[in-house]
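This report refers to the structure that appears directly beneath it.
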Amino acid sequence: MRSLRVRDALVYHDHVLAIKSGLALSIFTCNQLIHNYSNNGFVQEARKLFDEMHQRNEFSWNAIIVAYIKAHNLTQARALFDSASHRDLVSYNSMLSAYVGADGYEAEALDFFAAMQSAHDSVGIDEITLTTMLNLTAKLGLVYHGKQIHSYMLKTANDSSKFATSSLIDMYSKCGSFHEACNVPSGCDGMADLVSKNAMIAACCREREMDMALNLFWKNHELNNIVSWNILLAGYVQNCYMEKALALFAEMIENGIGCDEHTLASVLSACSGLKCLKLGQCVHAWVLKNGCSSNQFISTGIIDLYCRCGNIRYAESVYAETVIKNPFAVASLITCYSSQGNMTEAQRHFDSLTERNYVAWTALFSGYVKSQQCEAVFKLFREYVSTKALVPQAKIVIHVLGACAIQAALGLGRQLHAYILRMRFVMDEKLRSALVDMYSKCGSIMHAEKMFRLVRDSNRDAILYNIMIAGYAHHGLENEAIQLFEEMSKKSVKPDAVTFVALLSACRHSGLVELGEKLFISMEEEYNVVPDNYHYACIVDMYGRANQLEKAVEFMRKIPIEIDATIWGAFLSVCQMSNNTDLVKQAEEKLLKIDIDNGSRYVQLANLYAAKGKWDEKGRIRKKMREKEAKKVAGCSWIYVADGIHVFTSGDTSHTKADAIYSI
DNA sequence: CTAGGGTTAG
């Protein structure tokens, strides 16, 4: 309705102007009309008027070029630019900023900038050109090029306007050079203009320096606008201070700052992070009332909120109503279905996307890995690699390596390693860690170690150490595991809960009771790591394997946390060592109360009674298991043969070639 | 005298 009225007004305006000026519109008037049409989204009308003009000047050409740029038609804009009879620096700058602002036109932007410097029109470049180029280097994260432009700006005295200052701060910050951003003259004190101050607050938030951001924010706070508040709000959300974000939002409302679409997008993220459905729904209602649901950040935020709060039906119904099927929203849905193990729906959503971006791909890969559907991961990866339009992403390769680790698919893992080298991926710690883990879990501890040693000392983080220590532990190399732990401590890399699970399980498998006890005590006292159920279970199991029932019982009594199925399970295997039926009964009762659906527990119990020759007890447990319809997944082996994967369980005769296999 | 291009937040 509103667009129609604007159109009528423009046409009417057109007539009035024509009559007033004796039917022949001046160039000036036509140029203004082209702008009016363009600003209201009527690019065709603008073009019609442009075509009808008898005379045109630079302003006319620029107006029509900008009209196409605003309509996101860069091809047409460029065609007009190339054919223009009048061109000036403004035409060039308009075209350049269009390329910089659009996604996927980075190369065109660079070429265009180069052409500007050698153009035969010789329009040259000015401060606007340079700030636009700063924007591009910021987008690409190329601090080296950003510095070159900065130097050029210094040389040509184009470095001190408020536009230059804010762009420089923004560029250095987005390129990861926070220090340089702080050193931009009159930028860091927040006393320059408001945009520069806001850019600086954003830089602090990016650097996770929230105290610094707050200091800046409250300096001359009466000058702050809604952008300043939104930056701080987004800063809290991105640094996971969700409660603080909501408190700031409340303050915004109290102070009459109001809120806009940026505000609401951040508030929705905070609600998702806190799984705060109530407030999130209030925002949803507000959005519906005020008609800003067409904003993609907002609709994605609402879908994400319902997904994270586990309400996938609402998420689906909101998604069904969105006009533009945003890949980010779909990624959220995929993640939600994946977490429920519903990969059919996850895949369906993925298939529905016409434009699959890297977020959607990553979500699907992650889902298949989490639900341990490794064959699906490998199949998806083949599809991904053959999609020529995609730039290969390290994050996705990391997921596929994870699937190799689960499946112990060493051959595939090695192929991936070769692929990584061939594609010249940057070997960062995450990629290297994934490779170490893959080699270790595929049984090739030697290659895992080799990869680990390739990481420079200073780049070895706790995660990498954990992977390698766990690798040694699984391969029965407890001395190497301990040694690496000592190296870790020496390099003052802080061990965490995962480190100690790996270490304690090395101790329990190799019967190093004293060392296990020592490590267990030191983890809390020296390293400030609070033991959780896995650590307690390790120690209980360690005593059990070492045949030290009394110590295990005593240890069980002292456990300060609620004893869960993991710990009772460990205790049950300790009972296997003793003849104390009372203890078994006790453990059984507790265990079945906690872990009623887990078939493994029933089987463990039944086997325990069977081993003691108590067949009636065994029968009783098996009957209970049938009553509860608890199922245990059978352990299995598998082998890759040329045409695919073959899975076997104990005593399995279901394979089509079972007779031949057994005879061999 | 009056026109067009560049900066900060999700």
Side-chain angles (χ1 to χ4, degrees), chain A residues 26-36 38-39 57-67 69-70 77 81 86-101 116 123 125-136 138 149 153 158 161-171 173-174 181 184 187 190 192-206 213 216-217 224-238 245 248 252 257 259-270 272 292 295-301 304 326 328:
Chain A
S26 71
I27 298 184
F28 179 83
T29 312
C30 285
N31 292 348
Q32 277 196 321
L33 271 169
I34 292 175
H35 263 286
N36 273 334
S38 151
N39 284 337
N57 62 10
E58 293 93 329
F59 291 101
S60 330
W61 282 100
N62 291 339
I64 193 67
I65 290 168
V66 168
I69 290 171
K70 281 194 178 145
F81 174 88
H86 298 77
R87 256 198 309 231
D88 62 6
L89 186 52
V90 176
S91 334
Y92 275 93
N93 283 340
S94 303
M95 210 55 233
L96 181 69
S97 81
Y99 283 141
V100 170
M116 281 178 81
V123 288
I125 57 177
D126 67 357
E127 195 197 313
I128 294 179
T129 322
L130 292 166
T131 49
T132 307
M133 285 308 288
L134 281 180
N135 210 349
L136 179 67
I149 294 165
M153 290 170 93
N158 276 318
S161 77
K162 56 183 190 173
F163 284 107
T165 305
S166 54
S167 299
L168 282 166
I169 294 169
D170 190 54
M171 181 276 291
S173 160
K174 284 181 180 160
V184 174
D193 78 308
L194 184 57
V195 177
S196 299
K197 175 185 169 179
N198 287 344
M200 199 58 224
I201 298 174
C204 294
C205 291
R206 238 170 250 132
L216 218 53
F217 180 86
N224 286 346
N225 58 7
I226 192 163
V227 179
S228 328
W229 286 83
N230 284 342
I231 289 170
L232 201 57
L233 185 64
Y236 277 138
V237 170
Q238 276 150 18
L248 190 75
M252 275 178 90
I257 309 295
C259 66
D260 63 10
E261 302 184 352
H262 290 270
T263 323
L264 293 175
S266 290
V267 173
L268 280 168
S269 290
S272 301
C292 50
N295 179 312
Q296 295 209 22
F297 289 97
I298 303 234
S299 58
T300 302
D304 195 46
N326 183 343
F328 290 91

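Proteins get letters first, then strands, A, B, ... in listed order; numbering begins at 1 in each.
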Taking [atom1] from [X] and [atom2] from [N], how many angstroms apart are they, rounded to a whole number?
{"X": "L130(A)", "N": "dG5(B)", "atom1": "CG", "atom2": "P", "answer": "18 Å"}
{"X": "W61(A)", "N": "dG5(B)", "atom1": "CH2", "atom2": "P", "answer": "18 Å"}
{"X": "K197(A)", "N": "dA9(B)", "atom1": "NZ", "atom2": "P", "answer": "16 Å"}
{"X": "K70(A)", "N": "dG6(B)", "atom1": "NZ", "atom2": "C1'", "answer": "13 Å"}
{"X": "D88(A)", "N": "dA3(B)", "atom1": "CG", "atom2": "P", "answer": "14 Å"}
{"X": "F297(A)", "N": "dA9(B)", "atom1": "CZ", "atom2": "C1'", "answer": "10 Å"}
{"X": "L233(A)", "N": "dA9(B)", "atom1": "CG", "atom2": "P", "answer": "14 Å"}
{"X": "Y92(A)", "N": "dG6(B)", "atom1": "OH", "atom2": "P", "answer": "18 Å"}

Looking only at side chains, do [X] and [Y] share a donor and an acceptor under 3.5 Å apart?
{"X": "N57(A)", "Y": "S60(A)", "result": "yes"}
{"X": "T129(A)", "Y": "D126(A)", "result": "yes"}
{"X": "D88(A)", "Y": "S91(A)", "result": "yes"}

Applying a 4.0 Å non-hydrogen cut-off, can you work out what [X] is touching in the nucleic acid: base, sugar-phosphate, or nothing?
{"X": "D126(A)", "result": "base"}
{"X": "D304(A)", "result": "nothing"}
{"X": "I231(A)", "result": "sugar-phosphate"}
{"X": "A234(A)", "result": "sugar-phosphate"}
{"X": "L89(A)", "result": "base"}
{"X": "Q238(A)", "result": "sugar-phosphate"}

Exercise. Would you check if the side chain of N224(A) reaches a backbone N or O of F217(A) as a donor-acceptor pair within less than 3.5 Å?
Key: yes

Quiz item: Hey, does the side-chain of N31(A) have a donor or acceptor N/O within less than 3.5 Å of a partner on the base of dG4(B)?
Solution: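 Counting by modelled atom types and ignoring angles, no donor-acceptor contact under 3.5 Å is found here.
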
Self-check item: I226(A) CD1 to H262(A) NE2 distance, which is reported to the nearest 0.5 Å
Solution: 9.0 Å

Exercise. Between dT7(B), dG6(B), dG4(B), spot the one nearest the side chain of S161(A), thanks.
Key: dG6(B)

Quiz item: Among dG4(B), dT8(B), dG10(B), which nucleotide sits nearest the side chain of V195(A)?
Solution: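 So the nucleotide nearest the side chain must be dT8(B).
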
